[in-house]
Student: 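Below is a structure I'd like to ask you about.
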Amino acid sequence: DTVCCYTAALDFRSKEALDMAQADVARHPGAHVMASIPCTAGSAWQRINIRRGGAKQRARSKRLKEDMHELLSNLRVVASSVRAGGGTISFEWPVYCSLWREPAVQSFIEELQLHKVDFDGCAVGLVSTTGNPLLKPWRIFTDNQAILTALVDRRCAKQHQHGTIAGKETARTASYPRELCILLHE
């Protein structure tokens, strides 16, 4: 299997990054694209910050949402190419991200006929720096049946205490734990 990573350092908003992704999709017909674009604009903390932060915070939130729309637009282009090549797509954010309700996101999901699977971080190996399981409810919309099957029963069994996701732990939860990576690649 070939894995092509497009991280924030590459800036997927740029035409160059989009062209590189399109070339990778063309080189790998039948590819699966796993996408997760920044969800900051839709986080619960962002809503709190807007209420407390005034005009400056509202302007920052507006820029974050504009970035999300630009990234989603480029993802739509790549997703169309993936589909044309016989591949599949997955799109991930936290369950409670308010961006799921954005019309452009809903349209993307509907156009590609993606199916939802919700799962919990603690059920796929997400732990704090001290080793405590972290709940983090995730959601993926996908047309990849293997991913739907692998994740459908990965919910918290409520047999343990959860660590707190705050501060530096929050940033760590943006990365997938090894167990989730294995499930996504099976």
Side-chain angles (χ1 to χ4, degrees), residues 1-43 45-46 49 59-100 102-109 111-112 114 117 119 121 124-126 129 134 136 138-144 146-147 150-151 165 167-186:
D1 286 343
T2 301
V3 175
C4 304
C5 291
Y6 290 85
T7 64
L10 199 57
D11 191 3
F12 192 64
R13 294 170 301 179
S14 73
K15 181 175 179 350
E16 295 78 20
L18 178 59
D19 290 345
M20 286 173 57
Q22 291 284 82
D24 282 338
V25 167
R27 268 194 305 278
H28 304 286
H32 177 74
V33 170
M34 179 69 200
S36 180
I37 59 181
C39 61
T40 310
S43 75
W45 282 111
Q46 193 64 29
N49 289 340
R60 179 179 183 270
S61 180
K62 182 180 179 200
R63 284 191 309 275
L64 289 168
K65 201 173 273 193
E66 288 167 353
D67 280 350
M68 182 277 299
H69 282 280
E70 196 171 350
L71 290 163
L72 185 65
S73 178
N74 282 355
L75 178 57
R76 182 171 295 201
V77 171
V78 172
S80 295
S81 296
V82 167
R83 276 284 179 78
T88 57
I89 184 148
S90 295
F91 183 61
E92 173 270 319
W93 271 333
V95 166
Y96 300 112
C97 178
S98 67
L99 296 175
W100 287 120
E102 283 287 309
V105 174
Q106 298 247 321
S107 171
F108 177 81
I109 291 165
E111 286 173 22
L112 292 169
L114 302 177
V117 62
F119 59 101
V124 294
L126 186 64
T129 52
L134 295 173
K136 189 170 184 176
W138 267 309
R139 172 171 292 157
I140 291 178
F141 274 90
T142 186
D143 59 351
N144 185 301
I147 289 176
L151 296 174
I165 300 174
K168 64 183 174 185
E169 292 289 356
T170 304
R172 286 186 65 253
T173 67
S175 298
Y176 299 153
R178 180 175 174 74
E179 184 177 342
L180 176 57
C181 293
I182 291 167
L183 288 168
L184 293 173
H185 286 276
E186 287 184 338

Student: Hey, what do you get for NE2 (H69) to CD1 (I37), rounding to the nearest 0.5 Å?
Tutor: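 Interatomic distance, H69 NE2 to I37 CD1, rounded to 0.5 Å: 9.0 Å.
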Student: Go through E16 and L10 one step at a time and tell me if the side chain to side chain contact (heavy atoms under 4.5 Å, CB included) criterion holds.
Tutor: CA-CA 9 Å; E16 295 78 20; L10 199 57; over 6 Å; no
Student: Do L184 and L151 pass the side chain to side chain contact (heavy atoms under 4.5 Å, CB included) test, and can you show the C-alpha distance, the side-chain angles, and the key distance before you say yes or no?
Tutor: CA-CA 9 Å; L184 293 173; L151 296 174; 4.2 Å; yes
Student: CH2/W138 to SG/C97 distance, rounded to the nearest 0.5 angstrom?
Tutor: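 Going from the CH2 atom of W138 to the SG atom of C97 covers 14.0 Å.
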Student: Applying side chain to side chain contact (heavy atoms under 4.5 Å, CB included), run through K62 and E66 and close with a yes or a no.
Tutor: CA-CA 6 Å; K62 182 180 179 200; E66 288 167 353; 3.3 Å; yes
Student: In chain order, what residues pass the ring pair (Phe, Tyr, Trp, His ring centres under 6.0 Å) check against F12, with sequence neighbours excluded?
Tutor: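 For F12 there are no ring pair (Phe, Tyr, Trp, His ring centres under 6.0 Å) partners, ignoring immediate neighbours.
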Student: Counting distance only, does the side-chain N/O of T142 pair as donor-acceptor with the main-chain N or O of I89 below 3.5 Å?
Tutor: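 Pair found, side chain donor or acceptor close to backbone of I89.
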Student: For a 4.5 angstrom cut-off between non-hydrogen side-chain atoms, does V105 reach M68?
Tutor: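 With C-beta onward as the side chain, the pair touches.
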Student: Look up atom CE in M20 and atom SG in C4, then write down how far apart they are to the nearest 0.5 Å.
Tutor: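 So the CE of M20 and the SG of C4 are separated by 8.5 Å.
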Student: Strictly distance-based, threshold 3.5 Å: is any side-chain N or O of Y6 a donor or acceptor partner for the main-chain N or O of A17?
Tutor: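 No; zero donor-acceptor contacts below 3.5 Å.
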Student: What I'd like to find out is whether the side chain of Y176 reaches to under 4.5 Å of the side chain of V124, using heavy atoms alone.
Tutor: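 A side-chain contact under 4.5 Å is absent here.
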Student: Compare all side-chain heavy atoms of S43 with those of Q46 and state whether any distance is below 4.5 angstrom.
Tutor: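 Answer yes - side chains close enough.
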Student: Can R63 and D67 be counted as an ion pair, charged N to O under 4.0 angstrom?
Tutor: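 So R63 does not pair with D67 through a salt bridge.
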Student: Less than 4.5 Å apart, side chain to side chain, heavy atoms only: is that true for V3 and C5?
Tutor: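 V3 reaches C5 side chain to side chain.
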Student: Closer than 3.5 angstrom, by distance alone: can the side chain of R139 be matched with the main-chain N or O of F119 as a donor-acceptor pair?
Tutor: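 Answer holds: no.
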Student: Would you say that F91 contacts I140 through its side chain, given a criterion of any heavy-atom pair below 4.5 Å between the two side chains?
Tutor: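 A side-chain contact under 4.5 Å is absent here.
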Student: Under 3.5 Å, is there a donor-acceptor pair between the side chain of S80 and the main chain of R76?
Tutor: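 Yes: the side chain of S80 pairs with the backbone of R76.
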Student: Regarding E169 and T129, do their side chains bring together a donor and an acceptor under 3.5 Å, going by distance alone?
Tutor: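 Yes, because at least one side-chain N or O of E169 sits under 3.5 Å from a partner of the opposite role on T129.
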Student: If I take atom CG from residue L180 and atom CD from residue E92, how far apart are they, to the nearest 0.5 angstrom?
Tutor: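 Nearest 0.5 Å value for the CG-CD distance: 8.0 Å.
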Student: Do P38 and L64 come within less than 4.5 Å of each other through their side chains, counting heavy atoms only?
Tutor: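 No - every pair of side-chain heavy atoms lies 4.5 Å or more apart.
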Student: State whether the side chain of W100 and the backbone N or O of P94 hold a donor-acceptor pair below 3.5 Å, judged by distance alone.
Tutor: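 Confirmed, W100 side chain pairs with P94 backbone.
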Student: Please answer whether the main-chain N or O of L126 pairs with a side-chain N or O of K136 as donor and acceptor at a distance below 3.5 Å.
Tutor: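 Judged by distance alone, no pair lies under 3.5 Å.
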Student: Heavy atoms, side chains only, cut-off 4.5 Å: are H32 and H185 in contact?
Tutor: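 No, their side chains stay 4.5 Å or more apart.
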Student: Would you check if L99 and E102 make a side-chain contact, meaning some heavy-atom pair closer than 4.5 Å?
Tutor: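 Yes, close enough: below the 4.5 Å cut-off.
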Student: At what distance, to the nearest 0.5 angstrom, does CD1 of I165 lie from OG1 of T173?
Tutor: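 Answer for the CD1-OG1 pair, I165 versus T173, is 5.0 Å.
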Student: Sub-3.5 Å donor-acceptor pair from the side chain of S81 to the main-chain atoms of Q22, do we have one?
Tutor: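 Such a contact is absent between S81 side chain and Q22 backbone.
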Student: Minimum heavy-atom separation for S14 to N74, with atom names?
Tutor: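 Heavy atoms of S14 and N74 come nearest at O-ND2, 4.2 Å.
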Student: For W93 and F141, I'd like to know if the aromatic rings sit close, meaning centre-to-centre distance below 6.0 Å.
Tutor: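 W93 vs F141: aromatic centres not under 6.0 Å.
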Student: Show the numbers, then the answer: is there a side chain to side chain contact (heavy atoms under 4.5 Å, CB included) between V82 and T88?
Tutor: CA-CA 6 Å; V82 167; T88 57; 5.6 Å; no
